[in-house]
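Index from 1, following the sequence.
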Amino acid sequence: MSDNSPKVVKQTVNLGNLPYFSDVDDSGKRMVMFHQDHIIERFPRVLSLTRVLDALEINLFLEHRFKGLFMPPKRGGKKNPLGGVSLVTMNSLANSMSLFLQWIEAHDVDWHEVYAVSDSDKAKYWLPVYRYRKYLIDQVLAKKIDRDTANLYINHVRQFYEWARKQHRIEKLPFKYKTKVIKKKRKDGNIDLLFTQYGAEEKGFTVTTTDLLIPKKYKQKKSTDASLSPYDQDELQLLYTSNALSKLGPRLRVDLAVQCGLRADEVATFEANHVVDPALSEQPIYYVTIVGKYDKERTIMVSKGLMTSLWLYRNDEEHQRDPRRY
């Protein structure tokens, strides 16, 4: 991938309410201001120097998801203070849309194309969204990604099309919905009841889906050894003595992964307010609640030694001046 390809950039943004223009400054410019500020650090945006308009539409879609203006989390789901999805989900969405935009650029495709040349099933597969689905299937067959990951990517693209239709940016959806019955076993062991038909209709439940879903026949066979393969002591020694971990910031990120079991996204979104001054207490272990995969909360244990290092890092003058370089 070249440096000019679409990519995800994370910046501090203001997603405030009630925007307005400021007064003209000394340079003759006016700024967009908000009556109520909402500053978000490391908010993901999709950047493209070639398909600027497409990137702008994708970023507006991401902003609407974060603000809860489109597809807010269901009851019981993890919400951010603005009512939308969490920053972890935003990172996943941005990554999926960045990959979609990369494919659009590489194949010179207009994703707004939603009408097939005819109503036949074969004709629809020439539409961009189905061509992208075929590309993902090829990636699965080549074992570059697994089926679940491919379905996550195409599901996010489907949401983008649904948002575009709601915003009247396209005239129709290029795919159709269909109902599917998911079979389930009866809890009574299929015992015939003499005086009632209780449970007789509980043979399954109906869900709504689309034919964009990549079928199970493309699911890769799991390895016989399904266990994880963590680094051994020699590999950890090589990692910790590498130039990449010569600075405290990168080293602490690896510490959080090795000692606390954090995933890459969880390390990237680890909040500064989780770090406390260990000198104020005698406890040997600190319990920190984070939002992880699938927006699920989980509690990790941070040792006193690691918390001390994190506290020193947080309050270091060089880090406070420029966190990105330290």
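Applying the ring-ring contact (aromatic ring centres under 6.0 Å, His included) test to every pair with at least one member in residues 244-263, sequence neighbours left out, gives no pairs at all. For residues 249-279, every residue pair satisfying the ring-ring contact (aromatic ring centres under 6.0 Å, His included) rule, not counting sequence neighbours, is listed here: F270-H274. Residue pairs that meet the salt bridge (Lys or Arg N to Asp or Glu O under 4.0 Å) test with at least one member in residues 164-177, sequence neighbours left out, are E57-R169.
In this structure, CZ in F100 is found 14.0 Å from OH in Y153, a value given to the nearest 0.5 Å. I300 CD1 to L262 CG: the interatomic distance, rounded to the nearest 0.5 Å, is 4.5 Å. With rounding to the nearest 0.5 angstrom, the CD atom of Q102 is 11.5 Å from the OG1 atom of T50. A distance of 4.5 Å separates OG in S96 from CG in L152, rounded to the nearest 0.5 Å. For the atom pair OG1 (T289) and CD (E297), the distance works out to 6.5 Å, reported to the nearest 0.5 Å. Expressed to the nearest 0.5 Å, how far CG of L252 lies from CG of L306 amounts to 6.5 Å.
When atom types are taken as modelled, the side chain of T149 and the backbone of I145 share no donor-acceptor pair closer than 3.5 angstrom. Panel note: side chain N95, backbone N91; no donor-acceptor pair is recorded below 3.5 Å. With hydrogens and angles ignored, the 3.5 Å screen pairs a side-chain donor or acceptor of K304 with a backbone N or O of P278. Checking side-chain atoms of N59 against main-chain N and O of A55 turns up a donor-acceptor pair under 3.5 Å. Checked by atom type and distance alone, the side chain of R147 pairs as donor or acceptor with a backbone atom of P215 at under 3.5 Å. In terms of modelled atom types and a separation under 3.5 Å, the side chain of S246 and the main chain of S242 share no donor-acceptor contact. When atom types are taken as modelled, the side chain of S22 and the backbone of M31 share a donor-acceptor pair closer than 3.5 angstrom. R45 places no side-chain N or O within donor-acceptor distance of the main-chain N or O of Q11, the cut-off being under 3.5 Å. Without hydrogens or angle criteria, T269 side chain to D265 main chain gives a donor-acceptor distance under 3.5 Å.
Under the 4.5 Å side-chain criterion, counting only non-hydrogen atoms from C-beta, R51 is in contact with D108. Contact check for L99 versus Y132: side-chain heavy atoms found under the 4.5 Å cut-off. Residues V85 and M90 are in side-chain contact: their nearest non-hydrogen atoms beyond the backbone lie under 4.5 Å apart. Residues R314 and L310 form no side-chain contact, since every pair of their non-hydrogen atoms from C-beta on lies 4.5 Å or further apart. Proximity of V291 to K296: side-chain heavy atoms (C-beta onward) are nowhere separated by under 4.5 Å. The shortest distance between side-chain heavy atoms of D316 and L312 does not fall below 4.5 Å. Put simply, the side chain of H38 reaches to within 4.5 Å of the side chain of Q36, judged on heavy atoms. The shortest distance between side-chain heavy atoms of E162 and F175 falls below 4.5 Å.
The 12-atom threshold is exceeded at CD of Q283, counting heavy atoms of other residues, nucleotides or ligands nearer than 6.0 Å. Within a 6.0 Å sphere centred on CD of E282, heavy atoms belonging to other residues, nucleotides or ligands number 12 at most. By the neighbour-count criterion of 12 heavy atoms within 6.0 Å, atom CG of D37 is densely surrounded, having more than that number from other residues, nucleotides or ligands. D25 CG: more than 12 foreign heavy atoms inside a 6.0 Å radius. Annotation for L53: atom CG does not count as buried by contact number, only 12 or fewer foreign heavy atoms lying within 6.0 Å.
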>> As a quick check of understanding, evaluate salt bridge (charged side-chain N to carboxylate O under 4.0 Å, His left out) for E41 and K10, giving each step before the final call.
In response: CA-CA 8 Å; E41 295 182 355; K10 298 180 181 180; over 6 Å; no
> Could you go step by step and tell me if R131 and V109 meet the side-chain contact (heavy atoms from CB on, under 4.5 Å) rule?
Replying inline: CA-CA 10 Å; R131 289 171 58 189; V109 170; 3.9 Å; yes
> For Y286 and S281, what are the C-alpha separation, side-chain angles and deciding distance, and is it a side-chain hydrogen bond (donor to acceptor under 3.5 Å, both in side chains)?
Replying inline: CA-CA 10 Å; Y286 295 85; S281 69; 3.0 Å; yes
> Between S48 and E105, does a side-chain hydrogen bond (donor to acceptor under 3.5 Å, both in side chains) hold up when you go through it step by step?
Replying inline: CA-CA 9 Å; S48 173; E105 284 194 9; 2.4 Å; yes
> L56 and D54: side-chain contact (heavy atoms from CB on, under 4.5 Å), yes or no, with the steps?
Replying inline: CA-CA 5 Å; L56 288 174; D54 291 332; over 6 Å; no
>> Please evaluate residues L62 and F66 with respect to the criterion side-chain contact (heavy atoms from CB on, under 4.5 Å), reporting the C-alpha separation (whole Å), side-chain torsions for both, the decisive distance (0.1 Å), and the verdict.
In response: CA-CA 6 Å; L62 295 176; F66 191 74; over 6 Å; no
>> Please determine whether side-chain hydrogen bond (donor to acceptor under 3.5 Å, both in side chains) holds for the pair D211 and Y130, giving the CA-CA distance in whole Å, both sets of side-chain angles, and the decisive distance to 0.1 Å.
In response: CA-CA 9 Å; D211 56 359; Y130 286 99; 2.7 Å; yes
>> Run the side-chain hydrogen bond (donor to acceptor under 3.5 Å, both in side chains) test on Y240 and D255 for me, step by step, so that the C-alpha distance in whole Å, both residues' side-chain angles and the decisive distance to 0.1 Å come before the verdict.
In response: CA-CA 10 Å; Y240 274 99; D255 284 341; 2.6 Å; yes
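L213 and Y135 are members of different hydrophobic clusters when ILVMFWY side chains are connected at heavy-atom separations under 4.5 Å. Note on M71 and L82: same hydrophobic cluster, where clusters join Ile, Leu, Val, Met, Phe, Trp and Tyr whose side-chain heavy atoms are under 4.5 Å apart, directly or indirectly. Both L15 and L87 are members of a single hydrophobic cluster when ILVMFWY side chains are connected at heavy-atom separations under 4.5 Å. Hydrophobic cluster membership is shared by V129 and L173, with clusters built from Ile, Leu, Val, Met, Phe, Trp and Tyr side chains linked at under 4.5 angstrom. Transitive grouping of hydrophobic side chains (ILVMFWY, heavy atoms separated by less than 4.5 Å) brings Y125 and I104 into a common cluster.
Classification of the F160-W111 ring pair by plane angle, with boundaries at 30° and 60°, yields tilted.
The pair K134-D138 counts as a salt bridge, with a side-chain nitrogen and a carboxylate oxygen less than 4.0 angstrom apart. Using a 4.0 Å cut-off between charged nitrogen and carboxylate oxygen, R298 and E266 count as a salt-bridge pair.
Closest heavy-atom contact between V302 and C260: CG2-SG, 4.0 Å. The shortest non-hydrogen separation linking W163 to H64 is NE1-ND1, 3.0 Å. V140 and A150 make their closest contact through CG2-CB, 3.6 Å (heavy atoms, listed as atom of the first residue, atom of the second, distance). When all heavy atoms of S92 and H156 are compared, the closest pair comes out as OG-CE1, 3.3 Å.
In this structure, the side chain to side chain donor-acceptor pair (under 3.5 Å) partners of H107, at least two apart in sequence or on a different chain, are W103.
Think of M301 as one node in a network of Ile, Leu, Val, Met, Phe, Trp and Tyr side chains linked at under 4.5 Å; its network also takes in I285, Y287. Grouped by direct or indirect side-chain proximity (heavy atoms under 4.5 Å, Ile/Leu/Val/Met/Phe/Trp/Tyr only), V88 sits alone.
A ring-centre distance under 6.0 Å is not found for Y20 and F34.
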